[in-house]
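Everything on this sheet refers to the single structure shown next.
Not measured: the values here are computed from a predicted model.
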Amino acid sequence: MVRILLALAVGAGVGGVALAHDRENAEAVKVLSARDVKEKLDGKETKVTVVEVTLKPGQAGKPHRHAGPVIGYVLEGEYEWAIDDNPAKTLKVGDTFYEPTGCLHRVSRNPSKKGKTRVLAVVLHPRDARQITIPEPKK
């Protein structure tokens with residue numbers, strides 16, 4: 001019960017980390033920590049959220065943006081990653097990545113046909129902002 005309440009409270013504060021992934025992937029996002037911090041982001045009260053994202057073989061997240069910077073670390077497997085118009089890179093265990101505030105995280109995929117991918121991400125975001133947004137499709 002405590003875990004359910006914690007998950008609901010953290011989920012409300014995170015403002016949609018799971019939205020970065022389709023419904024099938026939503027369970028793959030595990031919030032490890034969410035805390036208000038003293039530092040400000042663009043003059044706004046700030047929160048830091050640490051998540052572990054697990055992707056099954058071939059699984060991919062939807063393109064999205066964050067309201068603050070993201071620093072990531074590949075814990076297991078390989079992670080295909082790209083922001084904005086930059087070419088996709090395949091990161092391996094121990095590799096890190098950085099996403100500036102507001103950039104389009106357009107590729108988030110496990111390129112493997114066998115093993116899972118686990119990524120640890122530290123996300124800074126204003127307390128009053130949605131932590132993540134999915135861009136509207138172009139018309």
Side-chain angles (χ1 to χ4, degrees):
M1 181 66 163
V2 172
R3 289 178 85 182
I4 292 170
L5 291 174
L6 179 61
L8 290 172
V10 168
V14 169
V17 167
L19 291 177
H21 307 280
D22 59 35
R23 295 246 182 247
E24 186 176 316
N25 290 338
E27 295 116 25
V29 179
K30 179 180 178 182
V31 177
L32 303 175
S33 175
R35 297 178 183 242
D36 292 341
V37 293
K38 285 197 244 181
E39 292 76 16
K40 294 191 179 203
L41 187 62
D42 292 331
K44 296 180 180 180
E45 299 294 321
T46 304
K47 177 174 235 143
V48 62
T49 303
V50 180
V51 296
E52 181 182 325
V53 179
T54 303
L55 297 168
K56 297 174 188 171
Q59 203 168 33
K62 291 184 179 181
H64 60 277
R65 298 178 190 276
H66 293 276
V70 177
I71 298 169
Y73 179 82
V74 180
L75 296 167
E76 180 178 349
E78 293 183 336
Y79 183 54
E80 188 176 358
W81 170 86
I83 57 171
D84 295 329
D85 293 330
N86 296 312
K89 296 178 182 179
T90 300
L91 305 173
K92 300 188 184 299
V93 173
D95 287 344
T96 62
F97 58 90
Y98 167 73
E99 297 175 20
T101 301
C103 72
L104 178 63
H105 184 175
R106 67 179 178 78
V107 177
S108 175
R109 188 174 88 81
N110 176 353
S112 173
K113 292 181 180 171
K114 293 183 183 179
K116 67 181 174 181
T117 294
R118 289 187 317 125
V119 175
L120 182 70
V122 178
V123 186
L124 293 170
H125 52 96
R127 291 181 201 170
D128 64 350
R130 288 188 56 156
Q131 196 266 13
I132 194 168
T133 25
I134 305 295
E136 293 295 320
K138 292 183 180 181
K139 294 180 181 183

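- Classification of the His105-Tyr79 ring pair by plane angle, with boundaries at 30° and 60°, yields perpendicular.
- Rounding to the nearest 0.5 Å gives a distance of 4.0 Å between CD1 of Ile83 and SG of Cys103.
- Ala88 approaches Ala82 most closely through the heavy-atom pair CA-CB, 3.6 Å.
- For the atom pair NZ (Lys30) and OG1 (Thr54), the distance works out to 8.0 Å, reported to the nearest 0.5 Å.
- Note on residues 99-124: pairs passing salt bridge (charged side-chain N to carboxylate O under 4.0 Å, His left out), not counting sequence neighbours, are Glu52-Arg118, Glu76-Arg118, Glu80-Arg109.
- Between the side chains of His125 and Thr49, a donor-acceptor pair is found at a separation under 3.5 Å.
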For Leu91 and Trp81, run side chain to side chain contact (heavy atoms under 4.5 Å, CB included): C-alpha distance rounded to whole Å, both residues' side-chain angles, the deciding distance at 0.1 Å, then the answer. CA-CA 7 Å; Leu91 305 173; Trp81 170 86; 4.1 Å; yes
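- A distance of 11.5 Å separates CG in Asp95 from CG in Leu75, rounded to the nearest 0.5 Å.
- With hydrophobic clusters built from ILVMFWY side chains whose heavy atoms lie under 4.5 angstrom apart, Val53 does not share a cluster with Val107.
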Take Glu45 and Asp36, measure what side chain to side chain contact (heavy atoms under 4.5 Å, CB included) needs, and give me the verdict at the end. CA-CA 8 Å; Glu45 299 294 321; Asp36 292 341; over 6 Å; no
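- In this structure, Gly115 and Pro57 approach most closely via the heavy-atom pair O-CG, 3.6 Å.
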Which is it for Val31 and Val50 under the side chain to side chain contact (heavy atoms under 4.5 Å, CB included) test, yes or no, and what are the steps along the way? CA-CA 6 Å; Val31 177; Val50 180; over 6 Å; no
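- Thr46 places a side-chain N or O within donor-acceptor distance of the main-chain N or O of Glu39, the cut-off being under 3.5 Å.
- Hydrophobic cluster membership is shared by Val122 and Val37, with clusters built from Ile, Leu, Val, Met, Phe, Trp and Tyr side chains linked at under 4.5 angstrom.
- The backbone N or O of Ser112 sits less than 3.5 Å from a side-chain atom of Asn110, completing a donor-acceptor pair.
- Summarising the geometry of Pro63 relative to Leu104, their closest heavy-atom pair is CB-CD1, 4.0 Å, with the distance given to 0.1 Å.
- From Thr117, atom OG1 reaches atom CG of Leu55 across 6.0 Å, with rounding to the nearest 0.5 Å.
- Under the 4.5 Å side-chain heavy-atom criterion for Ile, Leu, Val, Met, Phe, Trp and Tyr, Leu32 and Val48 are members of the same hydrophobic cluster.
- Residue Leu41 comes nearest to Gly68 through the heavy atom pair CD2-CA, 3.8 Å, listed as atom of the first residue, atom of the second, then distance.
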Applying ring pair (Phe, Tyr, Trp, His ring centres under 6.0 Å) to Tyr73 and Phe97, what does each step give before you reach the verdict? CA-CA 7 Å; Tyr73 179 82; Phe97 58 90; 9.5 Å; no
